[in-house]
Amino acid sequence: VRQKNNVPPKQAVDVTMNVPADRVAALESQAGVVKHLANVRTLVISTDAPRPANSGTVVLGGMQVHVHDISDDDDERTRLEQDIADVEKQITGKEKKLQNENFVKNAKPEIVAAERDRLAGLVERCGVLRENLAFLG
């Protein structure tokens, strides 16, 4: 999130994390380590805190990590919508390729498998992008 928003590692940031209830205690016990390693000034660990406006957000393994005041929501919404459109275009291309019986029949099995894996990765990426867009409201 820092790199994407050009926030240098030396700049302290405020972070809100929404995590599953069964992970709250573990994260709270490690809050000092997280704060030190990520240069976090304040860390809020919750199960349902609202997303702060203009925060950079990443979703990792069921956790939402919001880094406060490092982005512009309108710009981020536009970027995410463009990224989704680009990924959807790639998905359509992969689907057409895999629906082509000649390709599937004539290509080496490992090539077809690689294309299916790429398609699955694109579908997963599109889901993550849509989830991030949903956080913006």
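Only a predicted model underlies this, so the values are computations on that prediction, with no experimental measurement involved.
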**Item:** Heavy-atom side-chain contact between Arg51 and Gln64 under 4.5 Å
**Value:** no
**Fill in**
The single option from Lys4, Gln11, Gln3 that satisfies side-chain contact (heavy atoms from CB on, under 4.5 Å) with Val7 is Gln11
**Request:** Would you please test Ile70 and Asn54 for side chain to side chain contact (heavy atoms under 4.5 Å, CB included) and show each step?
**Result:** CA-CA 6 Å; Ile70 64 168; Asn54 297 320; over 6 Å; no
**Prompt:** Is there a chain of hydrophobic side chains (I, L, V, M, F, W, Y, each step under 4.5 Å between heavy atoms) that links Val24 to Leu60?
**Reply:** yes
**Item:** Within-4.5 Å side-chain heavy-atom neighbours: Arg116 and Val104
**Value:** yes
**Message:** Could you check whether any side-chain N or O of Arg2 sits under 3.5 Å from a backbone N or O of Pro8, counting only pairs where one atom can act as donor and the other as acceptor?
**Reply:** yes
**Message:** Under the criterion side chain to side chain contact (heavy atoms under 4.5 Å, CB included), I'd like the reasoning laid out for Ile91 against Val123: C-alpha separation, chi angles, the key distance, then a yes or no.
**Reply:** CA-CA 7 Å; Ile91 289 170; Val123 169; 4.0 Å; yes
**Fill in**
Nearest heavy-atom contact between Asn100 and Asn102 is OD1-N, 2.8 Å
**Prompt:** Would a distance-only check, ignoring hydrogens and angles, find a side-chain to backbone donor-acceptor pair under 3.5 Å from Asn39 to Pro9?
**Reply:** yes
**Request:** Find out if a path of hydrophobic residues (ILVMFWY) with successive side-chain heavy-atom gaps under 4.5 Å connects Val67 to Val40.
**Result:** yes
**Prompt:** Distance from Thr92 atom OG1 to Lys97 atom NZ, nearest 0.5 Å?
**Reply:** 14.5 Å
**Asked** How far does CD1 of Ile84 sit from NZ of Lys89, to the nearest 0.5 angstrom?
**Response** 16.0 Å
**Message:** Go through it in stages, so that I can follow the logic: the residues are Ser46 and Asp48, the test is side chain to side chain contact (heavy atoms under 4.5 Å, CB included), and I'd like the CA-CA distance, side-chain angles, deciding distance and then a yes or no.
**Reply:** CA-CA 6 Å; Ser46 176; Asp48 62 353; 3.6 Å; yes
**N-O pairing of Asp73 and Arg77 below 4.0 Å** = no
**Asked** Are Thr57 and Asn132 linked by a side-chain donor-acceptor pair shorter than 3.5 Å?
**Response** no
**Request:** Drop me the distance from Leu133's CG to Leu80's CG, to the nearest 0.5 angstrom.
**Result:** 5.5 Å
**Prompt:** Closest approach of Asn5 and Ser71, non-hydrogen atoms and distance?
**Reply:** OD1-CB, 3.3 Å
**Prompt:** Are His66 and Val1 close enough that some pair of their side-chain heavy atoms sits under 4.5 Å apart?
**Reply:** no
**Prompt:** Mind checking whether Asp14 and Asp69 have side chains closer than 4.5 Å, heavy atoms only?
**Reply:** no
**Complete:** Taken to the nearest 0.5 Å, the spacing of Met17 CE from Glu28 CD works out to 11.0 Å
**Request:** Compare every heavy atom of Ala31 with every heavy atom of Ile45, then report the nearest pair and how far apart it is.
**Result:** CD1-CB, 4.4 Å
**Request:** Provide the closest heavy-atom pair for Pro20 versus Gly62 in the form atom of the first, atom of the second, distance.
**Result:** CD-O, 3.6 Å
**Request:** First locate atom CD of Glu110, then atom CG of Asp117, and finally report the distance between them rounded to the nearest 0.5 Å.
**Result:** 12.0 Å
**Asked** For Val87 and Leu122, which heavy atoms make the closest approach, and how far apart are they?
**Response** CG1-O, 3.4 Å
**Message:** Could you check whether Ser55 and His68, counting side-chain N and O atoms only, form a donor-acceptor pair closer than 3.5 Å?
**Reply:** no
**Message:** Assess, by modelled atom type and distance only, whether the side chains of Asp86 and Gln82 contain a donor and an acceptor separated by less than 3.5 Å.
**Reply:** yes
**Asked** If you round to the nearest 0.5 Å, how far is CG of Leu43 from OG1 of Thr16?
**Response** 8.0 Å
**Asked** Taking the side chain from Asn18 and the backbone from Ala49, do they hold a donor-acceptor pair closer than 3.5 Å?
**Response** yes
**Prompt:** Minimum heavy-atom separation for Asp72 to Asp75, with atom names?
**Reply:** OD1-N, 2.9 Å
**Message:** Side-chain heavy atoms nearer than 4.5 Å, only ILVMFWY residues, links allowed to pass through others: does that put Val58 and Val13 together?
**Reply:** yes
